[in-house]
Amino acid sequence: MYNYIMSKNSDLNKNPKIVDFSSVAMVPGNPKYEQATSRITPIYTKNYDPRSPYERDLHRILHCTAYRRMKNKTQVFFATDNDHICTRIEHVSHVASISETIAKQLNLNLELVSAIAYGHDLGHAPFGHQGEYILDDIVKQYNIQSCFWHEANSLHFIDDIETLPDYHDFQRNMNLTYAVRDGIVCHCGELDEQVIKPRNDFIDLYDIQKGGKTHPFTYEGCIVKLADKIAYLGRDIEDALINKILTKDQIKELEHIIQKAISYEELQEVSITILTHHFIRDLCYNSSIEKGLVFSDECFELMNVIKHYNYDHICDHPRLRPFKKYARLIIETIFEKLDNYYGDSILSNMEKEHDLYPNLIPHFKDWLIKYTNIDLGDKINNHCKNSVVYDISSQNDYRKLIIDFISSMTDKYAIKIFDELIRF
């Protein structure tokens, strides 16, 4: 029997306003548990493994290469020289911390919220949301797919792209549980939702066509969805203050917004810690199994006001506009270069330019061999037994491969490849 982390919280015992959600936690005994722990294919087992299915998923996420790359992917502020500015990997850590705090208060499954939180942005593009918008423009321009959105790309990456070595050192697909995969593709925190409850339907996750429109299958997934919003609202402000991009009047406006909503006598200036605590406390006090996860009217209004404040004064700040143009130039240049290699002899076409582009060519060649049917012999020689994702005879598949290759890049690597392409 697995040991699920669902300890009775002292605040829960002392404060009757906080409802115990343990009866709907995704643990053995929940009617949806068998579906929630199902995998695309059976996963290998060990003689003794004390981990739950979700804890095993968490460890697989932490060991995959997409997780490591997030430390060099933009959250909001790009190319900063300040080590204290949030990157994508720090963002997922903040989401995990907030999710775990809420799950402890409500007595839900900590291991499941941790796995979803740490994995929720594995398919995020380089250069933050700007990179996502650029890739969306490309896939629509070339009719590659209907759209590019990072939640779906994260599901695609954990199902098809990211691999881990087995006991024989062969790379195989990650094969995570349904509940974790569902929480990742349904995690969008951009929509303004005051109340959220898990859905009952066990659906094909690839039928979800748009981010934010489908509620997660579990309460744990719902927590991560809300924690994602709490995390970015607070940290974006903190980074803006560190970077000193807000004017004195804008800071005063923000102080007025927060002080008007939060009745803390000690709140004399902007405090992201108190703001985050306020959101978490409000959610825990107002939620119930019957109503779902609920923010009070006052707190929900505050979140929306701060969200619009962040968009107006931070995300669309004039100093970010040159970066957005630079990111578009980089991504579009790399796509166009790789698209030119398509033809009867893709590999030989690439090899002719190996000396010109010693970083791009070998890495893209490895990507071709690992994920397409271009050379199945070489695929085995490279110790890859993951699924074939793209049919190399299809130009559309080839272009989808390029999109995935670019979306996997860190900011630093994309800049490195771009510099290689423009250098003589």
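A cation-pi geometry, defined here as NZ or CZ lying under 6.0 Å from the six-membered ring centre and within 45° of its normal, holds between Lys32 and Phe217.
Between the side chains of His308 and His313, no donor N or O sits under 3.5 Å from an acceptor N or O. Between the side chains of Asn396 and Ser394, not a single donor N or O lies within less than 3.5 Å of an accepting N or O. No hydrogens or angles considered: a donor-acceptor pair under 3.5 Å links the side chains of His129 and Glu132. Between the side chains of Glu220 and Asn109, not a single donor N or O lies within less than 3.5 Å of an accepting N or O. A donor atom on one side chain and an acceptor atom on the other are not found under 3.5 Å apart for Asn286 and Lys17.
Taking the six-membered ring wherever Trp is involved, the centroid distance between the rings of Tyr142 and Phe335 falls below 6.0 Å. Checked against a 6.0 Å centroid threshold, the rings of His168 and His383 do not count as neighbours. Aromatic rings of His91 and His120 (six-membered ring for Trp) have centroids within the 6.0 Å cut-off, being under it. The aromatic ring centres of Phe148 and Tyr133 sit 6.0 Å or more apart. Between Tyr390 and Tyr398, the distance separating the two ring centers is not shorter than 6.0 angstrom. Ring-centre distance between His156 and Tyr206: not below the 6.0 Å cut-off.
Using a 30° and 60° split on the angle between ring planes, His363 and Tyr413 fall in the tilted class, from 30° to 60°.
Ion pairing between Asp121 and Lys73 fails under the 4.0 Å rule for side-chain N and carboxylate O. Using a 4.0 Å cut-off between a side-chain N of Lys or Arg and a carboxylate O of Asp or Glu, Glu162 and Arg69 qualify as a salt bridge. Remark: Arg181 does not engage Asp57 in a salt bridge, criterion side-chain N to carboxylate O under 4.0 Å. Here Asp236 does not pair with Lys307 in a salt bridge; the nearest charged N to carboxylate O distance is not below 4.0 Å.
Put simply, the side chain of His317 gets close to the backbone of Ile245: a donor and an acceptor are under 3.5 Å apart. No donor-acceptor pair closer than 3.5 Å links the side chain of Ser97 to the backbone N or O of His94. Without hydrogens or angle criteria, Gln145 side chain to Cys147 main chain gives a donor-acceptor distance under 3.5 Å.
Heavy-atom minimum distance, Ala103 versus Val113: CB-CG2, 4.0 Å.
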